[in-house]
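Side chains included, hydrogens not; waters and symmetry mates left out as well; all remaining heavy atoms used. Residue numbering restarts at 1 for every chain, and letters A, B, ... go by the order of the sequence lines.
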Number of protein chains: 2
Amino acid sequence: MQTMEPENSHPRRPTIKDVADRAGVTKATVSKYLNRAHGYAMAASTRERIRAAIQELDFQPSPLARGLSRSATSTIGLVVADIRSQFYPDLVASIQAAAEAAGYTLVLGSSGDDPDRELDIIRSMAHRRVDGVVLVAVRSESDHIDYLRRRGIQIVLASRDLPELVADTVVVDSLAGGRAATRHLRELGHRRLAHVAGEATVKPFADRRRGFELETADLGGDGSGLPVEVAASTIDGGRAAAHRLLDVAEPPTGVFFASDTMALGGLMACADLGLRVPDDVSIVGFDNVAVGQLPGIGLTTIDSDAVRVGEQATELLLKRMLAPADADADPILVTRPAELVVRTSAAPPR
Amino acid sequence: MQTMEPENSHPRRPTIKDVADRAGVTKATVSKYLNRAHGYAMAASTRERIRAAIQELDFQPSPLARGLSRSATSTIGLVVADIRSQFYPDLVASIQAAAEAAGYTLVLGSSGDDPDRELDIIRSMAHRRVDGVVLVAVRSESDHIDYLRRRGIQIVLASRDLPELVADTVVVDSLAGGRAATRHLRELGHRRLAHVAGEATVKPFADRRRGFELETADLGGDGSGLPVEVAASTIDGGRAAAHRLLDVAEPPTGVFFASDTMALGGLMACADLGLRVPDDVSIVGFDNVAVGQLPGIGLTTIDSDAVRVGEQATELLLKRMLAPADADADPILVTRPAELVVRTSAAPPR
DNA sequence: CTGTTAGCGCATTCAA
DNA sequence: TTGAATGCGCTAACAG
């Protein structure tokens with residue numbers, strides 16, 4: 001019904017046809033120019049005319065059309081558990097940067113750490129024909145992975161590995177990190193130790209806990225081991241767990257938290273209970289989030305090298321995407337070293 | 001060259017044609033079923049057959065194909081200055097949630113606070129035919145906006161307004177916030193005040209500074225006004241500015257920082273200089289980032305209501321997108337109230 | 001109420 | 001070395 005006056009309507013982007021006409025060739029030729037990576041099989045003169053036409057028209061191929069006919073969209077999906085987490089910024093930023101540098105656009109999904117929503121997101125991304133997916137710290141069951149793989153979509157897991165190695169994975173060495181954190185507390189002289197663990201189903205959390213247990217096997221007189229509280233990896237989760245741990249007769253003097261996020265909750269709990277850190281209780285976290293270095297926090301922690309994990313994960317993904325030939329090669333696992341970062345939240349017991 | 005054995009290749013997703021065949025109708029009819037919002041103009045029996053076919057085939061329309069023919073992709077672009085910033089998590093999360101709830105997928109771009117890269121990103125998004133764009137705290141010049149608008153892409157600005165109201169905008173009241181922060185310091189008894197401002201070209205920063213100046217017009221004996229340092233809105237920027245401000249003979253006893261991020265840098269500077277907060281110097285920030293509430297930080301600040309800003313921005317955008325009719329209606333500006341959050345970083349001067 | 005026809009913009013055979 | 005024809009999967013006229 002609306003009589004669209006040409007002056008009024010949005011300017012139509014030039015199409016490959018416009019370029020072809022202007023260069024005096026056909027769409028097919030232009031398409032070859034575009035895709036054959038400036039291969040040699042074209043007359044120099046036509047190539048030049050096409051180049052000029054593209055330039056003059058400011059033509060850029062439509063990603064949509066290209067995607068439809070090629071079934072590839074120069075897009076990669078990024079699925080995270082919760083963007084709000086203190087831990088992601090570096091990881092996400094480095095993935096974003098690496099993807100963009102390689103000419104890919106990032107599509108973002110946040111699962112809220114819920115496996116069902118995670119699958120929805122993965123489905124939707126598969127649908128939109130992303131060329132690859134980075135799964136960051138998500139609860140990916142193997143079926144999620146299979147779903148993607150069956151559709152020829154490459155995958156990489158970052159920061160959280162699965163019990164089985166079902167896809168390329170880049171993580172930090174949680175076992176070693178857990179041991180280092182615990183050893184640090186022991187070396188400071190603590191013997192009444194405790195651990196706030198993340199959910200047991202998350203492998204890195206399980207590893208960190210094992211690290212704690214290995215390094216304290218000789219402690220815990222009654223044979224039942226040292227106290228361990230399992231909590232959600234949130235500030236509140238850590239806070240509650242710390243309350244349970246510390247609000248007792250003879251509280252531990254050193255606590256190793258499975259994540260900095262939880263450790264921050266631990267700091268709050270100490271404040272709640274009137275305990276001073278590190279005078280009354282020493283705290284060690286895991287991840288080395290940015291806020292840990294603030295004065296007044298000074299969180300001793302394990303650096304999980306988020307930037308490098310993100311970069312390397314993206315590298316691996318791109319490699320798979322570009323080499324569909326050996327895309328079926330066995331998945332590889334990259335375990336990056338975990339390093340202790342000493343600050344002020346842990347000190348010798350009084 | 002590769003002889004693709006059917007068993008080996010990825011299972012082809014069912015298309016609208018498959019559904020049509022199975023239901024004994026044509027593609028067009030299925031398409032109507034899909035788009036006419038289950039309108040009344042269809043025989044109940046065919047509708048049922050189509051429904052069944054879709055269900056049995058687990059069919060979902062290809063977003064790519066749909067996008068190509070409709071020129072709309074159920075996608076919205078999110079452009080941020082820097083994902084790493086302490087300030088975004090809530091904002092981004094709420095935008096992501098709102099978009100997803102409305103059935104839109106989020107495409108993420110990070111400009112590094114660089115206008116050129118920002119334009120690149122916007123171009124790329126326009127190209128990918130996003131239906132709308134949320135610009136978060138970016139340096140959007142009017143041309144960026146025009147570029148999008150000319151292509152019929154709706155826009156909303158969140159958290160940073162521009163000198164002219166060129167698009168729907170949702171921000172917090174920076175002027176009032178700046179005044180409240182300053183007044184709080186004065187009411188505590190401070191008279192030697194200073195301000196660490198953000199870049200003058202960013203309107204909210206300019207407003208916060210003006211708020212500071214309005215509330216301190218009677219101070220600054222020599223008529224030149226109270227000291228103001230301009231800094232980049234980063235931790236390091238705030239730290240450096242605070243050094244310049246505090247490492248003098250008679251330093252201010254109260255400093256208002258234009259952002260929490262900078263205020264955190266200020267905290268570090270105080271630690272560097274051996275100044276105690278709030279004993280020697282009181283600090284007030286702006287934004288109410290999550291870490292501000294940690295014990296050991298306790299940052300007094302102005303809440304900028306990131307979650308609501310994000311939600312409302314997304315709402316506005318979706319409304320524009322769905323009502324192309326009055327898409328040309330004048331842009332509206334939503335200014336949300338700024339509220340003082342009192343913690344421990346500001347106290348009466350000694 | 002449903003089917004026919006023609007695109008959307010590009011890639012890709014196969015001929016010429 | 002280039003062109004013609006066909007398809008990617010879906011939507012949108014217009015008929016019937």
Side-chain angles (χ1 to χ4, degrees), chain A residues 1-2 4 9-10 12-50 53-54 57 59-74 126-129 151-152, chain B residues 1-2 4 9-10 12-50 53-54 57-74 126-129 131 151-152:
Chain A
M1 185 89 315
Q2 323 163 353
M4 275 288 184
S9 80
H10 305 301
R12 200 178 53 79
R13 300 248 347 146
T15 75
I16 200 173
K17 179 72 166 60
D18 300 322
V19 174
D21 289 350
R22 189 172 240 271
V25 295
T26 59
K27 301 187 304 181
T29 309
V30 177
S31 178
K32 275 161 202 152
Y33 172 91
L34 256 23
N35 299 299
R36 295 283 203 270
H38 293 221
Y40 301 147
M42 182 154 21
S45 68
T46 49
R47 180 181 309 155
E48 170 51 24
R49 285 186 349 258
I50 293 177
I54 288 180
L57 262 36
F59 165 82
Q60 289 185 261
S62 151
L64 240 44
R66 183 172 264 188
L68 186 56
S69 67
R70 285 206 311 207
S71 260
T73 55
S74 292
H127 239 148
R128 288 179 183 277
R129 286 219 162 320
R151 283 166 180 69
Chain B
M1 187 87 315
Q2 324 162 353
M4 275 289 184
S9 79
H10 306 300
R12 200 178 55 79
R13 301 251 342 147
T15 76
I16 199 174
K17 178 74 166 62
D18 300 324
V19 175
D21 289 349
R22 188 171 240 271
V25 295
T26 59
K27 299 187 307 179
T29 309
V30 178
S31 178
K32 274 161 203 152
Y33 172 91
L34 255 22
N35 300 301
R36 296 283 202 270
H38 293 221
Y40 300 148
M42 181 153 23
S45 68
T46 50
R47 180 181 311 154
E48 169 52 21
R49 287 193 338 265
I50 293 177
I54 287 180
L57 263 36
D58 185 26
F59 164 83
Q60 289 184 260
S62 151
L64 240 43
R66 182 173 265 186
L68 186 57
S69 67
R70 285 207 310 206
S71 264
T73 54
S74 291
H127 234 158
R128 288 180 183 276
R129 287 221 161 318
D131 301 336
R151 283 166 179 69

Decide side chain to side chain contact (heavy atoms under 4.5 Å, CB included) for Lys27(A) and Thr15(A); before the verdict, give the C-alpha distance in whole Å, the side-chain angles of both, and the deciding distance to 0.1 Å.
-> CA-CA 9 Å; Lys27(A) 301 187 304 181; Thr15(A) 75; over 6 Å; no
Could you walk me through whether Ile50(B) and Arg47(B) pass the side chain to side chain contact (heavy atoms under 4.5 Å, CB included) check?
-> CA-CA 5 Å; Ile50(B) 293 177; Arg47(B) 180 181 311 154; 5.8 Å; no
Run the numbers on Arg151(B) and Ser71(B) for side chain to side chain contact (heavy atoms under 4.5 Å, CB included), then give the verdict.
-> CA-CA 11 Å; Arg151(B) 283 166 179 69; Ser71(B) 264; over 6 Å; no
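Residue-level contact check: Thr46(B) touches the backbone only, with heavy atoms under 4.0 Å from sugar-phosphate atoms and none from bases.
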Going 5' to 3' along nucleotides 9-16 of chain C, which nucleotides have protein heavy atoms under 4.0 Å from the base (write B), which only from the sugar-phosphate (write S), and which from neither (write -)?
-> BBBB----
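Defining each end axis of the helix from dC1(C)-dG16(D) to dA16(C)-dT1(D) as the rotation carrying four pairs' C1' atoms onto the next four, with five pairs an end, the two axes are found to diverge by 40° to 10 degrees.
For Ser31(B), the side chain to side chain donor-acceptor pair (under 3.5 Å) partners two or more places apart in sequence, or in a different chain, are Asn35(B).
We find the CZ-CZ distance between Arg129(A) and Arg70(A) to be 13.0 Å, quoted to the nearest 0.5 Å. Note that CD1 of Ile16(B) and CG of Leu57(B) are 12.0 Å apart. Values are rounded to the nearest 0.5 Å.
Between Tyr33(B) and Ile54(B), the closest side-chain pair of non-hydrogen atoms falls below 4.5 Å. Counting only heavy atoms from C-beta outward, the side chains of Leu68(A) and Leu64(A) never approach each other to under 4.5 Å.
Atoms CZ (Arg49(B)) and P (dC1(C)) sit 14 Å apart, rounded to a whole Å.
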